Amino acid sequence: MKNEMRIEFDAISENEGLARVVIAAFVSNADPTVEQVEDVKTAVSEAVTNAIIHGYKEQGGRVVMQARLSEEGELTVDIMDEGVGIADVEQAMQPLFTTGPENERSGMGFSFMEAFMDGLHVQSSLGKGTHVHMWKRFECSQAQSAPILQAAVWNRSRL
């Protein structure tokens, strides 16, 4: 295991931004592209928002985010809550399905997680909570990142 972290925070909407910042800082060691970082941040944001809005029904609780980055460049992220759980995970993962239409929820959270990560697995038990497990592989070569580095050096030399 190259690196691992775990953070636990209150299930309040303000902490969705915290989760995005923490995961972005964590994956930076894998030398991802800007697009890869944004993908991970979006997926984490959706999972944390689901825990807060649907898992705890905005009544409070704790959310745990755990991440691992392997030597091979694979990131795994787990978002866990001890909220109400999901009665039918397969149905909940269908695009546009939502249990919160009155709160203007689009029902695209799991779809976004699937689209932005390489894999997604959701496990849930009524009254016990939900565990979202996602993974993404980073394969960023020096050739991909070189133009960004060259531009930064060039801009500094012009100052």
Side-chain angles (χ1 to χ4, degrees), residues 1-140:
M1 204 63 56
K2 184 177 179 183
N3 198 6
E4 188 170 343
M5 70 93 183
R6 178 183 171 100
I7 183 172
E8 184 173 336
F9 49 87
D10 286 334
I12 57 175
S13 59
E14 291 86 349
N15 285 335
E16 178 269 332
L18 170 69
R20 288 175 60 88
V21 170
V22 168
I23 200 65
F26 183 78
V27 301
S28 67
N29 292 327
D31 195 26
T33 64
V34 171
E35 182 179 349
Q36 289 171 326
V37 172
E38 289 303 316
D39 288 352
V40 172
K41 286 169 48 179
T42 300
V44 164
S45 178
E46 292 295 334
V48 169
T49 298
N50 278 357
I52 294 167
I53 302 287
H54 301 292
Y56 290 113
K57 308 268 186 210
E58 298 190 62
Q59 299 298 313
R62 304 287 286 171
V63 177
V64 173
M65 178 171 70
Q66 192 168 288
R68 288 169 298 287
L69 188 58
S70 74
E71 289 285 344
E72 295 77 32
E74 183 169 275
L75 170 73
T76 59
V77 180
D78 296 281
I79 306 295
M80 298 160 281
D81 68 66
E82 295 179 343
V84 299
I86 301 170
D88 185 339
V89 172
E90 190 174 319
Q91 180 185 35
M93 292 182 73
Q94 295 300 310
L96 303 178
F97 176 81
T98 182
T99 59
E102 68 282 354
N103 295 328
E104 300 181 22
R105 297 290 159 201
S106 68
M108 294 299 292
F110 286 125
S111 296
F112 287 146
M113 288 178 236
E114 286 180 314
F116 292 122
M117 300 295 278
D118 293 335
L120 171 69
H121 177 74
V122 179
Q123 185 176 5
S124 190
S125 299
L126 286 177
K128 295 183 180 178
T130 302
H131 180 162
V132 174
H133 177 75
M134 305 177 278
W135 59 95
K136 187 171 192 74
R137 187 151 189 70
F138 297 114
E139 294 182 25
C140 181

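As a basis for the values below, the full set of heavy atoms in this structure was taken, side chains included, without hydrogen atoms, waters or symmetry mates. All residue numbers in this chain count up from 1 along the given sequence. Remember, it's a predicted structure, so these values are computed and weren't measured experimentally.
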Is there side-chain contact between [X] and [Y], with heavy atoms separated by less than 4.5 Å?
| X | Y | result |
| --- | --- | --- |
| Met134 | Phe116 | no |
| Leu69 | Val27 | no |
| Met117 | Val40 | yes |
| Asp10 | Arg62 | yes |
| Asn50 | Met113 | yes |
| Gln36 | Lys136 | yes |

Side chain to side chain donor-acceptor pair (under 3.5 Å) pairs, two or more places apart, involving residues 14-30: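 Every side chain to side chain donor-acceptor pair (under 3.5 Å) pair that includes a residue of residues 14-30, provided the two are not neighbours, is Glu16-Ser45.
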Testing the basics here: between [X] and [Y], what is the closest heavy-atom pair and its distance to 0.1 Å?
| X | Y | value |
| --- | --- | --- |
| Ala11 | Tyr56 | CB-CD1, 3.4 Å |
| Met65 | Ile23 | CE-N, 4.3 Å |
| Phe9 | Ala19 | CZ-CB, 4.1 Å |
| Ala24 | Val37 | CB-CG1, 3.9 Å |
| Gly129 | Ser124 | O-OG, 3.1 Å |
| Glu46 | Phe112 | OE2-CD1, 3.6 Å |

Under 3.5 Å: donor-acceptor pair, side chain of Asp81, backbone of Thr130: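 Yes, Asp81 side chain to Thr130 backbone: donor-acceptor pair under 3.5 Å.
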Pair Asp78 + Arg68: basic N to acidic O under 4.0 Å: yes
Heavy atoms of other groups near Glu8 CD, more than 12 under 6.0 Å: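 Enclosed.
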Flag if over 12 foreign heavy atoms under 6.0 Å of CD, Glu82: no
Pairing residues for Glu72 by the side chain to side chain donor-acceptor pair (under 3.5 Å) criterion, not counting sequence neighbours: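 Listed in chain order: Ser70.
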Interatomic spacing from NE2 in His54 to CD1 in Ile86 - rounded to 0.5 Å: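 So the gap between those two atoms works out to 9.0 Å.
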Gln123 CD to Lys128 NZ distance, which is reported to the nearest 0.5 Å: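 Gln123 atom CD to Lys128 atom NZ measures 11.0 Å (nearest 0.5 Å).
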ring-ring contact (aromatic ring centres under 6.0 Å, His included) partners for His131, two or more places apart: none
Derivation of the side chain to side chain contact (heavy atoms under 4.5 Å, CB included) call for Met5 and Val22: CA-CA 10 Å; Met5 70 93 183; Val22 168; 3.7 Å; yes
